[in-house]
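Let me begin by presenting the structure, written as structure tokens, before commenting on it.
Because the structure is a prediction, the values reported are computed rather than measured. Both counts, for ligands and for their atoms, begin at 1 and track the order of listing.
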Amino acid sequence: MADERRPITVAAIGDLHMKEDEGGRYRELFARASDEADVLVLAGDLTDLGTVREAELFAADLGACSIPAVGVLGNHDHESGHVDEVCRILRQAGLHILEGQSCVCDGVGFVGVKGFIGGFGRRMLGAFGEPEVKQFVNASVAEAMRLENAMRTVKGMPTLVVLHYAPIAETVAGEPPEIYPFLGSSRLAETIDRFEVKAVVHGHAHRGAYEGRTPGGVPVYNVARSIEKPSGRPYALIEI
Ligand SMILES: [Fe+2]
Ligand SMILES: [Fe+2]
């Protein structure tokens, strides 16, 4: 079916890493993104250590955002073991946190999952050997399955997938090769390519590359804050 709606503009950024002495740092960024886009998308690592205080400061800055905000958590948001409280504070501030769910804004489906690590392509870690290795790989497979289940809820809709970890190696290029397996997993791309997806955004690879494609041809953007973007802004501006 032809997609005849007016495209929407998404402002996407990850890895803001709010610290306890940085309250107010992102107010201007959120206000400006609200002027330039229809939806704000946050690709995880919203806080630096996942503390309740950092979440409160992030939530206060989000008050400057006047458009719908959708996001996933990153590994840093898990660091202090207060994920439930961090989520509660951010949700109260209006952020739609997606942990294997979807939401719809302006006719576009947003599907979000944190993802996990494990490596890429033929060198991806397999579930072989010690129980610890199998457990690790199971965590990666479980994230891909959560993504798959959420994708089914937006069938037939133009969809943006929001991740923290990278689904392809191309957008982590620039990072030391030794840490590629800790930056994402191809299992996410395998899932994405089984559905109709307009684009994917992720963060986590602070020194990676902005743009790549899944093996099936879906555009993937690394929107980590430190990555230079064609928009000339700290956030990417993507039409969906
Ligand atoms: Fe990060
Ligand atoms: Fe991260």
Validation: residues 56-70 side-chain donor-acceptor distances under 3.5 Å, sequence neighbours left out:
| from | atom 1 | to | atom 2 | distance (Å) |
| --- | --- | --- | --- | --- |
| E56 | OE1 | R53 | NH1 | 3.3 |
| D61 | OD1 | G24 | N | 3.0 |
| D61 | OD2 | G24 | N | 3.3 |
| D61 | OD2 | R25 | N | 3.2 |
| D61 | OD2 | Y26 | N | 2.8 |

Exercise. Does one hydrophobic cluster hold both V223 and L98, with members joined at side-chain heavy-atom distances below 4.5 Å?
Worked result: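 Result: yes, single cluster for both.
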For this session: For S102 and T153, test the side chains for any donor-to-acceptor distance below 3.5 angstrom and give the result as yes or no.
Result: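 Their side chains do contain a donor-acceptor pair, which is all the 3.5 Å distance test asks for.
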Problem set entry | the Fe ion (ligand 2): protein N, O or S atoms that are less than 2.8 Å away, sorted by chain |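 Sorted hits: D45 OD2, N75 OD1, H164 NE2, H204 ND1.
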Exercise. Between the side chain of K229 and the main-chain N/O of A12, is any donor-acceptor distance below 3.5 Å?
Worked result: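 Here the side-chain-to-backbone pair does not exist.
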Problem set entry | Aromatic centroids of H204 and H76 separated by under 6.0 Å |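 For H76 and H204, the ring centres are not under 6.0 Å apart.
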For this session: Give, for atom CD1 of I240 and atom CG of D38, the distance between the pair rounded to the nearest 0.5 Å.
Result: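 Result: 11.0 Å between the selected atoms.
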For this session: Calculate the angle formed at the Fe ion (ligand 1) by NE2 in H17 and NE2 in H206; 10° precision is enough.
Result: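 It rounds to 100°.
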